[in-house]
Amino acid sequence: MKDIKRVAVLGAGTMGGGIAGICANAGCEVLLLDVERGAGEAARRRLAAGRSPVLRDAESPERITCGSFADDLGKIADCDWICEAVVEDLSVKREMFSRVEAARADGALLSTNTSGIPLRDICAGLPERLQRDIAVTHFFNPAHLMKLVELVPGERTRRETLDALAGFLGNRLGKGVVHAKDTVNFIANRIGCFWMLAGLHLAEKAMREDGLNTETVDRLTSVPLGLPPGAGLYGLIDLIGLDVMFNVGANLDANLPANDAGRRFTAFTDRVQRLYERGQLGRKTGGGFYQLTRHDDGSRTLRVFDLHSEHWRTAEKPELPPDQQTLPGLFASDNANGRFARELVTETLCYAAGLVPEISDDIVNIDRAMRWGFNWQRGPFEMIDQIGAPRLIAEIKRASPEPPGMLRVLEGGAGRAFYRDAGGGREYLTAAGDWAAVQESV
(Lines give C-alpha, C1' and ligand atoms only; values in the text may rest on other atoms or scores of the structure.)
Protein backbone atom coordinates (compact mmCIF):
# COMPACT_ATOMS: atom_id res chain seq x y z
CA MET A 1 0.00 0.00 0.00
CA LYS A 2 1.30 3.44 -0.96
CA ASP A 3 2.77 5.37 1.98
CA ILE A 4 1.47 8.96 1.98
CA LYS A 5 4.04 11.36 3.44
CA ARG A 6 3.71 14.46 1.25
CA VAL A 7 0.32 15.97 0.48
CA ALA A 8 -0.72 18.74 -1.92
CA VAL A 9 -4.02 20.54 -1.25
CA LEU A 10 -5.30 22.62 -4.15
CA GLY A 11 -7.52 25.39 -2.79
CA ALA A 12 -6.96 27.26 0.47
CA GLY A 13 -10.56 28.03 1.37
CA THR A 14 -12.31 26.76 4.48
CA MET A 15 -12.30 23.14 3.37
CA GLY A 16 -8.90 23.09 1.69
CA GLY A 17 -7.29 24.82 4.64
CA GLY A 18 -8.95 22.39 7.03
CA ILE A 19 -7.68 19.37 5.10
CA ALA A 20 -4.18 20.86 5.03
CA GLY A 21 -4.37 21.39 8.78
CA ILE A 22 -5.33 17.84 9.71
CA CYS A 23 -2.66 16.44 7.37
CA ALA A 24 -0.03 18.66 9.01
CA ASN A 25 -1.21 17.50 12.44
CA ALA A 26 -0.70 13.91 11.25
CA GLY A 27 2.94 14.67 10.47
CA CYS A 28 2.67 15.10 6.69
CA GLU A 29 4.52 17.73 4.71
CA VAL A 30 1.78 19.79 3.03
CA LEU A 31 1.88 21.96 -0.09
CA LEU A 32 -1.10 24.36 0.05
CA LEU A 33 -1.79 26.12 -3.24
CA ASP A 34 -4.33 28.71 -4.35
CA VAL A 35 -4.68 31.39 -7.02
CA GLU A 36 -2.54 33.70 -4.88
CA ARG A 37 0.15 32.63 -2.42
CA GLY A 38 -1.38 34.97 0.15
CA ALA A 39 -4.56 32.87 0.33
CA GLY A 40 -2.60 29.91 1.61
CA GLU A 41 -0.64 32.05 4.05
CA ALA A 42 -3.88 33.51 5.41
CA ALA A 43 -5.31 30.00 5.79
CA ARG A 44 -2.22 28.86 7.68
CA ARG A 45 -2.56 31.81 10.09
CA ARG A 46 -6.24 30.99 10.66
CA LEU A 47 -5.41 27.37 11.39
CA ALA A 48 -2.91 28.41 14.08
CA ALA A 49 -5.09 31.13 15.67
CA GLY A 50 -7.82 31.18 18.30
CA ARG A 51 -8.32 29.52 21.65
CA SER A 52 -8.70 26.08 20.01
CA PRO A 53 -6.44 26.20 16.95
CA VAL A 54 -6.72 23.52 14.29
CA LEU A 55 -2.95 23.15 14.19
CA ARG A 56 -2.26 21.44 17.50
CA ASP A 57 1.50 21.86 18.01
CA ALA A 58 4.27 24.33 17.23
CA GLU A 59 5.69 22.18 14.42
CA SER A 60 2.46 21.79 12.44
CA PRO A 61 2.45 25.28 10.83
CA GLU A 62 6.02 24.68 9.67
CA ARG A 63 4.87 21.58 7.79
CA ILE A 64 2.62 23.69 5.52
CA THR A 65 4.29 25.34 2.53
CA CYS A 66 2.15 27.86 0.65
CA GLY A 67 2.23 28.77 -3.01
CA SER A 68 0.22 29.69 -6.09
CA PHE A 69 -1.12 27.64 -8.97
CA ALA A 70 0.78 29.74 -11.47
CA ASP A 71 4.20 29.52 -9.82
CA ASP A 72 4.22 26.31 -7.77
CA LEU A 73 2.00 23.66 -9.37
CA GLY A 74 5.09 21.83 -10.60
CA LYS A 75 5.99 21.04 -6.98
CA ILE A 76 3.17 18.48 -6.82
CA ALA A 77 5.57 16.12 -8.60
CA ASP A 78 7.00 15.37 -5.14
CA CYS A 79 3.62 14.65 -3.54
CA ASP A 80 2.07 11.26 -2.78
CA TRP A 81 -1.53 12.51 -2.58
CA ILE A 82 -2.99 15.52 -4.39
CA CYS A 83 -6.35 16.64 -3.01
CA GLU A 84 -8.33 19.14 -5.09
CA ALA A 85 -10.57 21.46 -3.04
CA VAL A 86 -11.26 24.34 -5.44
CA VAL A 87 -14.63 25.97 -6.09
CA GLU A 88 -17.58 23.61 -6.71
CA ASP A 89 -17.67 24.18 -10.46
CA LEU A 90 -17.28 21.37 -12.98
CA SER A 91 -15.32 23.36 -15.58
CA VAL A 92 -12.91 24.71 -12.95
CA LYS A 93 -12.26 21.23 -11.55
CA ARG A 94 -11.72 19.70 -14.99
CA GLU A 95 -9.27 22.41 -15.97
CA MET A 96 -7.38 21.95 -12.68
CA PHE A 97 -7.05 18.20 -13.15
CA SER A 98 -5.79 18.67 -16.71
CA ARG A 99 -2.96 20.78 -15.27
CA VAL A 100 -2.38 18.39 -12.39
CA GLU A 101 -2.11 15.39 -14.69
CA ALA A 102 0.69 17.05 -16.61
CA ALA A 103 2.67 17.76 -13.43
CA ARG A 104 2.16 14.82 -11.06
CA ALA A 105 4.40 11.80 -10.68
CA ASP A 106 3.23 8.44 -11.98
CA GLY A 107 1.23 6.64 -9.28
CA ALA A 108 0.52 9.74 -7.18
CA LEU A 109 -2.98 9.49 -5.71
CA LEU A 110 -5.60 12.05 -6.73
CA SER A 111 -8.89 13.04 -5.17
CA THR A 112 -11.57 15.68 -5.48
CA ASN A 113 -13.43 17.08 -2.49
CA THR A 114 -16.65 17.65 -4.40
CA SER A 115 -19.85 17.39 -2.40
CA GLY A 116 -22.10 16.49 -5.30
CA ILE A 117 -20.53 16.72 -8.78
CA PRO A 118 -20.31 13.19 -10.21
CA LEU A 119 -16.76 11.94 -10.54
CA ARG A 120 -17.60 10.57 -13.99
CA ASP A 121 -18.30 14.14 -15.16
CA ILE A 122 -15.02 15.43 -13.72
CA CYS A 123 -13.06 12.59 -15.35
CA ALA A 124 -14.83 12.46 -18.73
CA GLY A 125 -12.27 12.55 -21.52
CA LEU A 126 -9.27 12.83 -19.19
CA PRO A 127 -6.38 10.35 -19.54
CA GLU A 128 -6.63 6.75 -18.41
CA ARG A 129 -3.63 7.28 -16.12
CA LEU A 130 -5.61 9.90 -14.17
CA GLN A 131 -8.82 7.89 -14.04
CA ARG A 132 -7.18 4.86 -12.42
CA ASP A 133 -5.62 6.98 -9.65
CA ILE A 134 -8.54 9.25 -8.70
CA ALA A 135 -11.46 9.06 -6.26
CA VAL A 136 -13.76 11.40 -4.38
CA THR A 137 -12.71 12.14 -0.80
CA HIS A 138 -15.70 14.10 0.49
CA PHE A 139 -14.75 15.65 3.84
CA PHE A 140 -17.43 17.28 5.96
CA ASN A 141 -16.98 20.77 7.36
CA PRO A 142 -15.22 21.61 9.63
CA ALA A 143 -12.72 19.00 8.53
CA HIS A 144 -10.86 18.86 11.84
CA LEU A 145 -14.05 18.13 13.82
CA MET A 146 -16.31 16.08 11.54
CA LYS A 147 -15.52 12.37 11.47
CA LEU A 148 -17.02 11.47 8.09
CA VAL A 149 -15.16 11.17 4.82
CA GLU A 150 -17.09 9.62 1.93
CA LEU A 151 -14.77 7.68 -0.39
CA VAL A 152 -16.16 7.27 -3.89
CA PRO A 153 -14.47 5.44 -6.79
CA GLY A 154 -14.84 6.21 -10.47
CA GLU A 155 -15.50 3.60 -13.14
CA ARG A 156 -11.77 2.99 -13.67
CA THR A 157 -10.39 3.65 -10.17
CA ARG A 158 -7.95 0.93 -9.13
CA ARG A 159 -8.54 -1.10 -5.97
CA GLU A 160 -5.03 -0.10 -4.86
CA THR A 161 -5.99 3.57 -5.05
CA LEU A 162 -9.05 3.09 -2.83
CA ASP A 163 -7.18 0.94 -0.33
CA ALA A 164 -4.35 3.46 0.00
CA LEU A 165 -6.72 6.41 0.46
CA ALA A 166 -8.96 4.52 2.90
CA GLY A 167 -5.97 3.43 4.96
CA PHE A 168 -4.53 6.93 5.12
CA LEU A 169 -7.85 8.64 5.89
CA GLY A 170 -8.83 6.15 8.55
CA ASN A 171 -5.58 5.16 10.17
CA ARG A 172 -3.49 8.31 9.78
CA LEU A 173 -6.11 11.07 9.87
CA GLY A 174 -8.51 9.22 12.19
CA LYS A 175 -11.55 9.68 9.96
CA GLY A 176 -14.58 7.45 9.63
CA VAL A 177 -14.41 6.24 6.04
CA VAL A 178 -17.72 5.45 4.36
CA HIS A 179 -17.68 3.70 0.98
CA ALA A 180 -20.20 5.37 -1.33
CA LYS A 181 -21.08 5.23 -5.01
CA ASP A 182 -20.82 7.88 -7.71
CA THR A 183 -24.43 9.01 -7.38
CA VAL A 184 -25.91 12.47 -6.80
CA ASN A 185 -24.92 13.84 -3.35
CA PHE A 186 -23.41 10.43 -2.42
CA ILE A 187 -24.86 9.09 0.89
CA ALA A 188 -25.07 11.58 3.75
CA ASN A 189 -26.23 14.59 1.76
CA ARG A 190 -28.61 12.48 -0.33
CA ILE A 191 -30.52 11.38 2.77
CA GLY A 192 -29.85 14.43 4.94
CA CYS A 193 -31.04 16.88 2.29
CA PHE A 194 -34.14 14.76 1.66
CA TRP A 195 -34.80 14.97 5.40
CA MET A 196 -34.55 18.77 5.40
CA LEU A 197 -36.38 19.50 2.14
CA ALA A 198 -39.17 17.04 2.93
CA GLY A 199 -39.31 18.53 6.42
CA LEU A 200 -40.03 22.01 5.05
CA HIS A 201 -43.03 20.69 3.14
CA LEU A 202 -44.41 18.42 5.85
CA ALA A 203 -43.91 21.00 8.62
CA GLU A 204 -45.98 23.57 6.74
CA LYS A 205 -48.65 20.94 6.23
CA ALA A 206 -48.67 20.29 9.99
CA MET A 207 -48.86 24.03 10.68
CA ARG A 208 -51.80 24.39 8.33
CA GLU A 209 -53.72 21.29 9.43
CA ASP A 210 -52.78 20.88 13.10
CA GLY A 211 -51.56 24.29 14.27
CA LEU A 212 -47.92 23.37 14.94
CA ASN A 213 -45.48 26.27 15.11
CA THR A 214 -41.84 26.66 14.13
CA GLU A 215 -40.44 26.13 17.63
CA THR A 216 -42.45 22.93 18.18
CA VAL A 217 -41.28 21.56 14.82
CA ASP A 218 -37.67 22.20 15.86
CA ARG A 219 -38.22 20.61 19.26
CA LEU A 220 -39.71 17.50 17.64
CA THR A 221 -36.97 17.18 15.00
CA SER A 222 -34.00 17.26 17.35
CA VAL A 223 -33.46 15.32 20.59
CA PRO A 224 -36.57 13.08 20.44
CA LEU A 225 -35.42 11.74 17.08
CA GLY A 226 -31.82 11.31 18.17
CA LEU A 227 -30.49 14.48 16.56
CA PRO A 228 -28.28 16.98 18.44
CA PRO A 229 -29.88 19.68 20.62
CA GLY A 230 -30.37 22.83 18.57
CA ALA A 231 -30.27 20.87 15.31
CA GLY A 232 -34.00 20.93 14.65
CA LEU A 233 -35.25 21.50 11.12
CA TYR A 234 -35.48 25.30 10.93
CA GLY A 235 -32.49 26.01 13.16
CA LEU A 236 -30.31 23.70 11.07
CA ILE A 237 -31.40 25.32 7.80
CA ASP A 238 -30.71 28.76 9.30
CA LEU A 239 -27.16 27.56 10.02
CA ILE A 240 -26.67 26.13 6.52
CA GLY A 241 -28.40 28.99 4.69
CA LEU A 242 -31.45 29.03 2.42
CA ASP A 243 -29.18 29.92 -0.52
CA VAL A 244 -27.25 26.69 -0.03
CA MET A 245 -30.46 24.69 0.31
CA PHE A 246 -31.87 26.31 -2.83
CA ASN A 247 -28.78 25.20 -4.79
CA VAL A 248 -29.02 21.72 -3.26
CA GLY A 249 -32.62 21.45 -4.42
CA ALA A 250 -31.73 22.62 -7.92
CA ASN A 251 -28.89 20.09 -8.14
CA LEU A 252 -31.17 17.29 -6.99
CA ASP A 253 -33.86 18.33 -9.46
CA ALA A 254 -31.32 18.21 -12.29
CA ASN A 255 -29.69 14.92 -11.32
CA LEU A 256 -32.07 12.66 -9.39
CA PRO A 257 -33.42 9.63 -11.24
CA ALA A 258 -36.79 10.29 -12.86
CA ASN A 259 -38.73 8.09 -10.42
CA ASP A 260 -36.88 9.18 -7.25
CA ALA A 261 -39.14 9.99 -4.28
CA GLY A 262 -37.04 13.05 -3.49
CA ARG A 263 -38.29 14.85 -6.59
CA ARG A 264 -41.47 15.80 -4.70
CA PHE A 265 -39.49 18.04 -2.39
CA THR A 266 -36.67 19.64 -4.42
CA ALA A 267 -38.48 23.01 -4.72
CA PHE A 268 -39.21 25.22 -1.71
CA THR A 269 -42.74 25.80 -0.50
CA ASP A 270 -44.19 29.14 -1.60
CA ARG A 271 -43.61 30.73 1.83
CA VAL A 272 -40.01 29.56 2.08
CA GLN A 273 -39.40 30.67 -1.51
CA ARG A 274 -40.49 34.20 -0.55
CA LEU A 275 -37.95 34.21 2.30
CA TYR A 276 -35.25 33.17 -0.15
CA GLU A 277 -36.20 35.80 -2.72
CA ARG A 278 -36.00 38.67 -0.24
CA GLY A 279 -32.61 37.51 1.07
CA GLN A 280 -33.81 36.23 4.45
CA LEU A 281 -31.32 33.37 4.26
CA GLY A 282 -30.42 32.52 7.86
CA ARG A 283 -27.64 33.41 10.28
CA LYS A 284 -25.41 34.76 7.51
CA THR A 285 -27.93 37.55 6.81
CA GLY A 286 -28.86 38.26 10.42
CA GLY A 287 -32.05 36.23 10.32
CA GLY A 288 -33.92 33.50 8.49
CA PHE A 289 -36.48 31.51 10.41
CA TYR A 290 -34.97 32.89 13.63
CA GLN A 291 -33.39 36.21 14.57
CA LEU A 292 -31.30 36.79 17.68
CA THR A 293 -31.10 40.39 18.92
CA ARG A 294 -28.48 41.42 21.49
CA HIS A 295 -29.37 44.41 23.66
CA ASP A 296 -27.13 47.02 25.27
CA ASP A 297 -27.76 45.61 28.76
CA GLY A 298 -26.39 42.24 27.67
CA SER A 299 -29.76 40.54 27.33
CA ARG A 300 -30.89 38.77 24.18
CA THR A 301 -34.22 38.30 22.45
CA LEU A 302 -34.94 35.42 20.11
CA ARG A 303 -37.62 36.06 17.53
CA VAL A 304 -39.12 33.60 15.08
CA PHE A 305 -40.59 34.23 11.65
CA ASP A 306 -44.09 32.80 11.78
CA LEU A 307 -44.67 31.07 8.45
CA HIS A 308 -48.45 31.19 8.89
CA SER A 309 -48.73 34.96 9.39
CA GLU A 310 -45.37 35.74 7.70
CA HIS A 311 -44.46 38.15 10.51
CA TRP A 312 -41.87 38.11 13.29
CA ARG A 313 -42.86 37.30 16.87
CA THR A 314 -41.11 36.40 20.12
CA ALA A 315 -40.03 32.76 20.14
CA GLU A 316 -41.67 30.29 22.52
CA LYS A 317 -40.05 27.42 24.45
CA PRO A 318 -42.29 24.41 23.87
CA GLU A 319 -42.16 21.44 26.22
CA LEU A 320 -42.96 17.87 25.23
CA PRO A 321 -44.69 15.32 27.45
CA PRO A 322 -42.46 12.44 28.64
CA ASP A 323 -43.94 9.94 26.20
CA GLN A 324 -42.91 12.12 23.23
CA GLN A 325 -39.26 12.56 24.20
CA THR A 326 -38.05 9.36 22.53
CA LEU A 327 -38.44 8.16 18.96
CA PRO A 328 -40.61 5.09 19.72
CA GLY A 329 -42.91 7.12 21.95
CA LEU A 330 -43.22 10.00 19.51
CA PHE A 331 -43.78 7.66 16.57
CA ALA A 332 -46.66 5.99 18.45
CA SER A 333 -48.24 9.25 19.63
CA ASP A 334 -51.66 9.94 18.15
CA ASN A 335 -51.75 13.74 18.30
CA ALA A 336 -50.48 16.64 16.15
CA ASN A 337 -46.88 16.17 17.29
CA GLY A 338 -46.96 12.46 16.61
CA ARG A 339 -48.65 12.77 13.23
CA PHE A 340 -46.03 15.22 11.96
CA ALA A 341 -43.04 13.32 13.33
CA ARG A 342 -44.38 9.98 12.15
CA GLU A 343 -44.93 11.26 8.60
CA LEU A 344 -41.48 12.84 8.32
CA VAL A 345 -39.70 9.86 9.89
CA THR A 346 -41.62 7.38 7.72
CA GLU A 347 -40.83 9.34 4.54
CA THR A 348 -37.13 9.55 5.43
CA LEU A 349 -36.66 5.96 6.52
CA CYS A 350 -38.53 4.67 3.48
CA TYR A 351 -36.32 6.81 1.28
CA ALA A 352 -33.16 5.41 2.86
CA ALA A 353 -34.47 1.84 2.67
CA GLY A 354 -35.02 2.22 -1.07
CA LEU A 355 -31.48 3.44 -1.79
CA VAL A 356 -29.68 0.10 -1.32
CA PRO A 357 -27.81 -0.79 -3.50
CA GLU A 358 -28.09 2.44 -5.52
CA ILE A 359 -25.95 4.62 -3.23
CA SER A 360 -24.31 1.92 -1.09
CA ASP A 361 -24.07 -1.85 -1.21
CA ASP A 362 -25.00 -2.20 2.45
CA ILE A 363 -26.88 -0.55 5.30
CA VAL A 364 -23.80 -0.18 7.50
CA ASN A 365 -22.21 2.52 5.33
CA ILE A 366 -25.51 4.42 5.21
CA ASP A 367 -25.94 4.35 8.98
CA ARG A 368 -22.34 5.43 9.54
CA ALA A 369 -22.65 8.26 7.04
CA MET A 370 -25.62 9.76 8.89
CA ARG A 371 -24.05 9.35 12.32
CA TRP A 372 -20.66 10.74 11.32
CA GLY A 373 -21.80 13.37 8.82
CA PHE A 374 -25.02 14.72 10.37
CA ASN A 375 -24.39 13.75 14.01
CA TRP A 376 -27.49 11.57 14.17
CA GLN A 377 -27.43 9.34 17.23
CA ARG A 378 -28.60 6.44 15.05
CA GLY A 379 -28.53 5.87 11.31
CA PRO A 380 -31.76 5.20 9.36
CA PHE A 381 -31.69 1.41 9.73
CA GLU A 382 -30.78 1.66 13.40
CA MET A 383 -33.76 4.02 13.79
CA ILE A 384 -36.00 1.43 12.13
CA ASP A 385 -34.81 -1.15 14.66
CA GLN A 386 -35.49 1.31 17.48
CA ILE A 387 -39.05 1.96 16.28
CA GLY A 388 -39.63 -1.68 15.36
CA ALA A 389 -39.68 -2.64 11.70
CA PRO A 390 -43.16 -4.26 11.91
CA ARG A 391 -44.58 -1.02 13.28
CA LEU A 392 -42.98 1.02 10.49
CA ILE A 393 -44.09 -1.43 7.80
CA ALA A 394 -47.65 -1.31 9.14
CA GLU A 395 -47.55 2.50 8.88
CA ILE A 396 -46.26 2.31 5.31
CA LYS A 397 -48.97 -0.11 4.27
CA ARG A 398 -51.64 2.39 5.20
CA ALA A 399 -50.80 4.22 1.97
CA SER A 400 -48.72 1.79 -0.10
CA PRO A 401 -49.16 -1.90 -0.96
CA GLU A 402 -45.60 -2.84 -0.11
CA PRO A 403 -42.56 -1.34 1.62
CA PRO A 404 -39.49 -0.27 -0.39
CA GLY A 405 -36.10 -1.89 -0.85
CA MET A 406 -34.49 -3.18 2.31
CA LEU A 407 -37.77 -3.17 4.22
CA ARG A 408 -39.09 -5.61 1.65
CA VAL A 409 -35.97 -7.75 2.12
CA LEU A 410 -36.50 -7.75 5.87
CA GLU A 411 -40.21 -8.53 5.61
CA GLY A 412 -39.51 -11.43 3.26
CA GLY A 413 -37.01 -13.03 5.62
CA ALA A 414 -37.09 -14.46 9.10
CA GLY A 415 -35.69 -11.38 10.82
CA ARG A 416 -37.52 -8.55 12.51
CA ALA A 417 -34.55 -6.17 12.64
CA PHE A 418 -31.62 -5.03 10.50
CA TYR A 419 -28.96 -5.75 13.13
CA ARG A 420 -28.46 -8.60 15.58
CA ASP A 421 -25.88 -9.74 18.11
CA ALA A 422 -24.04 -12.91 17.14
CA GLY A 423 -21.04 -14.65 18.68
CA GLY A 424 -19.84 -11.64 20.59
CA GLY A 425 -20.08 -9.40 17.53
CA ARG A 426 -22.73 -7.66 15.49
CA GLU A 427 -24.30 -8.71 12.20
CA TYR A 428 -26.37 -6.81 9.64
CA LEU A 429 -28.95 -7.84 7.06
CA THR A 430 -27.58 -7.79 3.52
CA ALA A 431 -29.44 -6.85 0.35
CA ALA A 432 -29.52 -10.57 -0.50
CA GLY A 433 -31.31 -11.34 2.77
CA ASP A 434 -28.29 -12.96 4.41
CA TRP A 435 -26.44 -11.97 7.57
CA ALA A 436 -22.90 -10.58 7.50
CA ALA A 437 -20.52 -9.40 10.21
CA VAL A 438 -20.24 -5.65 10.79
CA GLN A 439 -16.62 -4.79 10.03
CA GLU A 440 -14.59 -1.89 11.36
CA SER A 441 -14.45 1.19 9.14
CA VAL A 442 -11.72 1.34 6.45
Side-chain angles (χ1 to χ4, degrees), residues 1-10 15 19 22-23 26 28 76 79-85 93-94 96-97 100-101 104-124 126-140 143 146-190 355-370 372-373 428 430-431 436-442:
M1 186 178 295
K2 187 175 182 64
D3 188 16
I4 298 175
K5 297 179 179 179
R6 295 182 58 83
V7 175
V9 180
L10 310 180
M15 183 57 76
I19 295 169
I22 59 177
C23 290
C28 296
I76 68 172
C79 295
D80 306 305
W81 172 40
I82 302 155
C83 178
E84 170 271 308
K93 290 181 182 292
R94 284 178 53 79
M96 178 57 69
F97 276 115
V100 165
E101 180 62 6
R104 74 178 178 112
D106 191 41
L109 303 175
L110 301 172
S111 73
T112 173
N113 189 59
T114 179
S115 61
I117 299 175
L119 184 57
R120 61 183 175 274
D121 293 344
I122 294 173
C123 292
L126 293 177
E128 173 72 22
R129 189 181 83 131
L130 177 144
Q131 296 195 42
R132 72 189 186 196
D133 291 335
I134 193 170
V136 172
T137 50
H138 180 210
F139 288 77
F140 274 58
M146 298 301 291
K147 183 173 182 177
L148 178 62
V149 177
E150 293 177 314
L151 182 60
V152 184
E155 294 178 357
R156 295 181 175 87
T157 305
R158 295 182 302 171
R159 183 75 246 176
E160 295 85 349
T161 298
L162 289 178
D163 289 345
L165 286 171
F168 177 76
L169 294 166
N171 300 326
R172 192 82 175 272
L173 299 188
K175 294 300 180 181
V177 177
V178 159
H179 295 272
K181 295 187 177 183
D182 194 18
T183 56
V184 58
N185 280 14
F186 310 128
I187 297 177
N189 282 338
R190 178 76 170 269
L355 291 175
V356 178
E358 179 188 340
I359 66 172
S360 172
D361 285 329
D362 60 70
I363 66 173
V364 176
N365 279 287
I366 290 177
D367 281 343
R368 285 172 172 168
M370 300 314 298
W372 297 342
Y428 70 93
T430 71
V438 176
Q439 304 292 335
E440 292 296 322
S441 174
V442 179

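All values below were derived from every heavy atom in this structure, side-chain atoms included, with hydrogens, water molecules and symmetry-related copies excluded. This chain uses plain numbering: 1 for the first residue, then up along the sequence.
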[atom1] of [X] to [atom2] of [Y]: how many Å apart, nearest 0.5 Å?
X: Leu148; Y: His138; atom1: CG; atom2: NE2; result: 7.5 Å
X: Cys123; Y: Leu110; atom1: SG; atom2: CG; result: 9.0 Å
X: Ile82; Y: Met96; atom1: CD1; atom2: CE; result: 11.0 Å
X: Cys79; Y: Ile4; atom1: SG; atom2: CD1; result: 11.0 Å
X: Thr157; Y: Leu130; atom1: OG1; atom2: CG; result: 9.5 Å
X: Gln439; Y: Tyr428; atom1: CD; atom2: OH; result: 8.0 Å

[X] vs [Y] side-chain heavy atoms within contact, under 4.5 Å:
X: Cys23; Y: Leu173; answer: yes
X: Phe186; Y: Thr114; answer: yes
X: Trp81; Y: Leu169; answer: yes
X: His179; Y: Leu162; answer: no
X: Ser360; Y: Leu355; answer: no
X: Phe168; Y: Val177; answer: no
X: Leu151; Y: Val178; answer: no
X: Glu84; Y: Val100; answer: no

Minimum heavy-atom separation for [X] to [Y], with atom names?
X: Glu101; Y: Pro127; answer: CG-CG, 4.0 Å
X: Cys28; Y: Arg172; answer: SG-NH2, 3.8 Å
X: Gly116; Y: Asn185; answer: CA-OD1, 3.9 Å
X: Ala431; Y: Val356; answer: CB-CG1, 4.2 Å
X: Leu165; Y: Ala135; answer: CD1-CB, 4.0 Å
X: Ala143; Y: Met15; answer: CB-SD, 4.1 Å

Non-neighbouring partners of Phe139 that pass ring pair (Phe, Tyr, Trp, His ring centres under 6.0 Å), sequence neighbours left out: none
Do you know which of Leu119, Ile117, Asn113 makes side chain to side chain contact (heavy atoms under 4.5 Å, CB included) with Lys93? Ile117
Keeping [X] on the side-chain end and [Y] on the backbone end, is there a donor-acceptor pair under 3.5 Å?
X: Asp80; Y: Arg6; answer: yes
X: Lys181; Y: Pro357; answer: yes
X: Thr161; Y: Arg132; answer: yes
X: Gln131; Y: Leu126; answer: yes

I'd like to know whether Arg190 forms a salt bridge (Lys or Arg N to Asp or Glu O under 4.0 Å) with Glu358, so could you lay out the CA-CA distance, the side-chain angles of the two residues, the decisive distance to 0.1 Å, and finally the verdict. CA-CA 11 Å; Arg190 178 76 170 269; Glu358 179 188 340; 2.9 Å; yes
Do [Y] and [X] meet the salt-bridge criterion of a basic N to acidic O distance under 4.0 Å?
X: Arg158; Y: Asp163; value: no
X: Arg156; Y: Asp182; value: no
X: Arg120; Y: Glu155; value: no

Side chain to side chain contact (heavy atoms under 4.5 Å, CB included) evaluation trace for Asp106 with Arg129: CA-CA 8 Å; Asp106 191 41; Arg129 189 181 83 131; 3.4 Å; yes
